[in-house]
Number of protein chains: 2
Amino acid sequence: MKKLSLKENNTADLPSPATLLFRKLSPSKQEKIFQAAVQEFASKGYRSASMNRLVKDAGISKGSLFLYFRTKRDLFDGVVEIAASKVKDYLKTVRDDTTNLLFFDRLELILRSGFDFIDRHPLLARIYFHLLQSGEAPFGSERIAMLRQQAEKFLSELIVTGIEREELKTGLDVPRLAFLINSLLETLLRAYYTDFLAPGLGLYRGNSQQLDQWVRTTLHLVREGIGNAAPESENPAKE
Amino acid sequence: MKKLSLKENNTADLPSPATLLFRKLSPSKQEKIFQAAVQEFASKGYRSASMNRLVKDAGISKGSLFLYFRTKRDLFDGVVEIAASKVKDYLKTVRDDTTNLLFFDRLELILRSGFDFIDRHPLLARIYFHLLQSGEAPFGSERIAMLRQQAEKFLSELIVTGIEREELKTGLDVPRLAFLINSLLETLLRAYYTDFLAPGLGLYRGNSQQLDQWVRTTLHLVREGIGNAAPESENPAKE
DNA sequence: GGCTAGAATGACCAAGTGGTCATTGACCGG
DNA sequence: CCGGTCAATGACCACTTGGTCATTCTAGCC
């Protein structure tokens with residue numbers, strides 16, 4: 001019953017990057033083309049993705065592709081649109097499904113859902129993070145900023161709720177903390193599908209035990225920090 | 001008093017990417033070429049950097065450049081070598097200059113020195129982070145892993161020392177925390193010179209007041225976390 | 001001067017790029 | 001079976017890429 005409006009098609013104001021012609025194609029053909037595009041962009045990044053290769057993989061002619069999407073950039077935008085909307089749906093779902101939980105339980109679920117999302121949509125995740133990380137791409141940085149702001153706004157709301165429920169300290173610097181925590185989550189997720197980011201730490205394709213440990217350590221850091229509060233003594237200086 | 005082995009030039013075992021001919025050049029000419037290369041790689045990233053453009057900027061002929069560096073890759077390696085060694089020196093200096101300070105003061109200084117480093121070497125910083133973040137480059141990922149491991153080992157040592165001095169909790173998951181804290185620092189530094197990463201949060205080219213706030217918030221998070229410890233009650237929620 | 005070793009040069013190369021467009025071919029109403 | 005419409009095609013375009021190499025230039029020596 002709580003299926004809130006998942007549509008919320010605020011992307012509608014932007015003109016779709018695909019041409020009318022493309023949208024008249026049979027769904028299966030559209031799918032085939034998108035799939036090839038996702039594959040190509042995910043594995044090569046925007047700049048090194050080759051339209052020639054893509055066309056071969058999709059099994060269509062080059063001329064057709066440029067009838068469906070006027071430019072490489074348009075095609076990429078179309079792919080990003082899909083990736084972003086999937087990510088958005090996932091964020092929304094997680095948020096709505098966890099409203100009643102405690103802050104740190106919510107945070108844990110967000111993280112775990114992130115791993116899950118990557119398992120389900122590895123290529124889309126790759127594109128999403130590539131976009132998020134990439135300073136070198138010719139994308140209007142507004143799009144990147146928007147993605148980021150979305151996640152941070154989401155986290156901010158979580159934190160504010162946590163404060164209201166007295167699960168978190170008062171007087172927190174919410175927007176900055178949202179940024180910092182978001183960066184922690186992003187790094188973890190990125191390292192989850194990238195082999196060289198955390199070599200030897202069992203995050204990349206880690207088994208569930210290793211992931212548990214990561215989740216525990218991360219939550220512990222965010223919850224309590226690592227400083228020794230010297231709980232017995234009123235004097236936090238040397239013992 | 002154990003002088004930690006710093007392994008100064010463990011890069012010496014690798015053959016220098018520059019040719020003999022290049023090393024015989026006058027320092028000023030070497031400098032000019034390096035400068036053009038740094039500029040080009042920093043602004044375009046590895047893949048989009050153009051040797052043709054570079055050659056024009058450096059004011060030498062294309063043939064010469066390829067006499068000095070056999071391939072584009074070699075030239076890039078040469079530039080990275082410089083960037084990495086500068087970063088390394090900076091890390092080492094910060095560490096050695098702060099051994100006597102408390103853990104969180106050290107951490108603060110590391111962060112502030114990072115900002116300072118970026119102010120001083122913006123282009124090298126860009127290349128360094130580009131390398132660190134880039135999954136798309138054709139660099140052997142070992143180099144990236146090495147850079148990362150260096151920073152994390154550095155942080156690990158700091159944490160261990162902090163634990164020994166009872167400034168930090170005992171029983172911490174040191175390597176994972178080093179990874180997480182490192183990711184926080186990296187994100188902050190990256191956002192410090194990247195306009196779109198933390199839009200509106202005053203980190204990009206922020207004034208010193210804004211930076212102070214960032215430092216404070218970050219350290220507070222790492223030290224105490226954001227969880228409400230419910231200090232009045234002696235009831236630490238069982239887990 | 002003449003000679004020569006070796007450094008500097010830029011025209012040139014094959015390969016690849018994103019993108020175009022004249023041609024083809026498939027379908028359809030008459 | 002015709003003509004008309006329009007999607008599909010791939011040869012082709014101008015341009016860029018990293019890299020090469022025959023040629024030219026230059027410095028030093030006799």
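So that the names make sense, note that chain A is the first sequence line, chain B the second, and so on, each numbered from 1. Heavy-atom basis, side chains included; hydrogens, waters and symmetry copies ignored.
A donor-acceptor pair shorter than 3.5 Å can be found between the side chains of B:Arg106 and B:Thr98. A donor-acceptor pair shorter than 3.5 Å can be found between the side chains of B:Asp119 and B:Tyr192. Checking B:Arg70 against B:Thr19 by side-chain atom types alone, no donor-acceptor pair falls below 3.5 Å. The closest side-chain donor-acceptor pair between A:Glu152 and A:Ser156, if any, does not fall under 3.5 angstrom. Between A:Gln39 and A:Arg53, the side chains place no donor N or O within less than 3.5 Å of an acceptor N or O (distance only, hydrogens not considered).
Looking at the side chain of A:Leu21, the nearest of the listed nucleotides D:dA7, D:dT17, C:dA7 is D:dA7. Of all nucleotides listed (C:dG18, D:dG19, D:dA8), D:dA8 comes nearest to the side chain of A:Ser64. Comparing C:dG10, D:dT9, D:dG18 by their nearest atom to the side chain of B:Ser61 picks out C:dG10.
Atom-to-atom, CG of A:Asn52 to P of D:dT9 comes out at 15 Å; the value is rounded to the nearest Å. The interatomic distance linking B:Tyr68 (OH) with D:dG19 (P) rounds to 17 Å, in whole Å. The CD1-P distance, from B:Ile33 to C:dA8, rounds to 9 Å in whole Å. A:Ile60 places its CD1 atom 7 Å from the P atom of D:dT9, with the value rounded to the nearest Å. The distance from atom NZ of A:Lys29 to atom C1' of D:dA8 is 8 Å, rounded to the nearest whole Å. Distance, A:Lys56 NZ to D:dA11 P: 11 Å, rounded to whole Å. Put simply, CG on A:Leu65 is 10 Å from C1' on C:dG19, counting in whole angstrom units. Distance, B:Arg70 CZ to D:dG18 C1': 16 Å, rounded to whole Å.
A sub-4.0 Å separation between OP1 or OP2 of C:dA7 and a side-chain N or O of B:Lys24 is present.
Each of A:Gly63 and A:Ser50 was matched to the nucleotide of DNA chain C holding its nearest heavy atom; the match closer to the 5' end belongs to A:Ser50.
Scanning atom types as modelled, no donor and acceptor separated by under 3.5 angstrom connect the side chain of B:Lys72 and the base of D:dG19.
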